[in-house]
Amino acid sequence: MLFQVEMDVRVPPDFAPEKLERLKVEEKARCHALMTSGKWRHIWRVAGRYANLSIFDVESPAELHELLSTLPLFALMEIRVAALCHHPSSIRDDDR
Ligand SMILES: O=C(O)C[C@H]1C=CC(=O)O1
């Protein structure tokens with residue numbers, strides 16, 4: 001199942017810089033692991049914002065929630081999810 005996920009990172013002004021750096025390193029590693037597994041299919045930076053637009057390919061909404069809610073930066077992110085399905089005009093068979 002494909003989901004569009006938009007993540008806006010909201011760092012409080014008083015957040016400890018060294019803790020943020022550690023979380024960012026952990027987040028990058030988790031992202032790489034999930035991309036390697038195929039579950040995190042794409043990630044793009046949203047120009048002008050500390051945010052990304054991602055595509056996840058998972059078995060269920062429950063699995064997506066588990067993957068997102070255990071991200072190291074989860075507590076600092078505002079996340080919006082949209083379920084995706086094949087468009088009848090699409091000529092691509094790999095976007096189902
Ligand atoms: O930078 C971001 O968009 C937030 C988060 C998502 C992946 C990652 O490495 O950090």
Side-chain angles (χ1 to χ4, degrees):
M1 299 175 77
L2 293 177
F3 295 88
Q4 174 186 284
V5 180
E6 192 168 5
M7 304 176 208
D8 275 276
V9 185
R10 304 265 196 253
V11 182
D14 59 349
F15 200 83
E18 61 281 356
K19 182 175 182 183
L20 179 61
E21 285 314 304
R22 187 172 69 252
L23 289 176
K24 287 164 71 174
V25 168
E26 292 171 6
E27 181 83 11
K28 187 172 187 177
R30 182 83 172 117
C31 177
H32 285 180
L34 289 173
M35 294 195 88
T36 301
S37 75
K39 290 186 182 294
W40 196 331
R41 207 189 275 192
H42 298 288
I43 183 171
W44 295 276
R45 173 63 76 218
V46 177
R49 289 170 30 207
Y50 189 4
N52 74 73
L53 188 67
S54 294
I55 302 294
F56 281 77
D57 187 357
V58 293
E59 296 303 316
S60 66
E63 183 185 12
L64 181 65
H65 180 71
E66 175 61 22
L67 293 181
L68 296 176
S69 61
T70 55
L71 289 173
L73 284 174
F74 177 72
L76 300 181
M77 293 198 288
E78 182 181 305
I79 297 177
R80 289 173 298 285
V81 173
L84 302 174
C85 57
H86 186 72
H87 192 286
S89 299
S90 174
I91 62 169
R92 297 189 185 285
D93 285 332
D94 63 350
D95 61 359
R96 297 176 183 273

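In listed order, ligands and their atoms are each counted from 1. Start at 1 with the first residue, then count along the sequence.
Ion pair Arg49/Asp8 flagged as a salt bridge, since at least one NZ, NE, NH1 or NH2 atom sits closer than 4.0 Å to an Asp/Glu carboxylate oxygen. Using a 4.0 Å cut-off between charged side-chain N and carboxylate O, Glu78 and Arg80 make a salt bridge.
The N/O atoms of Lys24, backbone and side chain alike, include none that comes under 3.5 Å of an N/O atom in ligand 1.
Rounding to the nearest 0.5 angstrom, the gap separating the CG atom in Leu71 from the CG atom in Leu23 is 11.0 Å.
In terms of protein heavy-atom proximity, atom 7 (C) of ligand 1 is nearest to Ile43 CD1, 3.7 Å. Among protein heavy atoms, atom 8 (C) of ligand 1 sits closest to Glu27 CG, 3.4 Å. At the top of the distance list for atom 1 (O) of ligand 1, counting protein heavy atoms only, stands Arg45 NH2, 3.0 Å. Residue, atom and distance of the protein heavy atom nearest to atom 6 (C) of ligand 1 are Asn52 ND2, 3.5 Å. The single protein non-hydrogen atom nearest to atom 4 (C) of ligand 1 is Val9 CG2, 3.6 Å, given as residue, atom name and distance.
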side-chain contact (heavy atoms from CB on, under 4.5 Å) between Gln4 and Leu84, worked out: CA-CA 7 Å; Gln4 174 186 284; Leu84 302 174; 4.0 Å; yes
- Task: Quick one: do Trp40 and Val5 satisfy side-chain contact (heavy atoms from CB on, under 4.5 Å)? Show the steps, please.
- Result: CA-CA 10 Å; Trp40 196 331; Val5 180; over 6 Å; no
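Under the 4.5 Å side-chain criterion, counting only non-hydrogen atoms from C-beta, Arg45 is in contact with Asn52.
Using a 4.0 Å cut-off to heavy atoms of Lys28, the atoms of ligand 1 that qualify are 9 (O).
Of all the heavy atoms of Leu71, none lies under 4.0 Å from any atom of ligand 1, so neither backbone nor side chain is involved.
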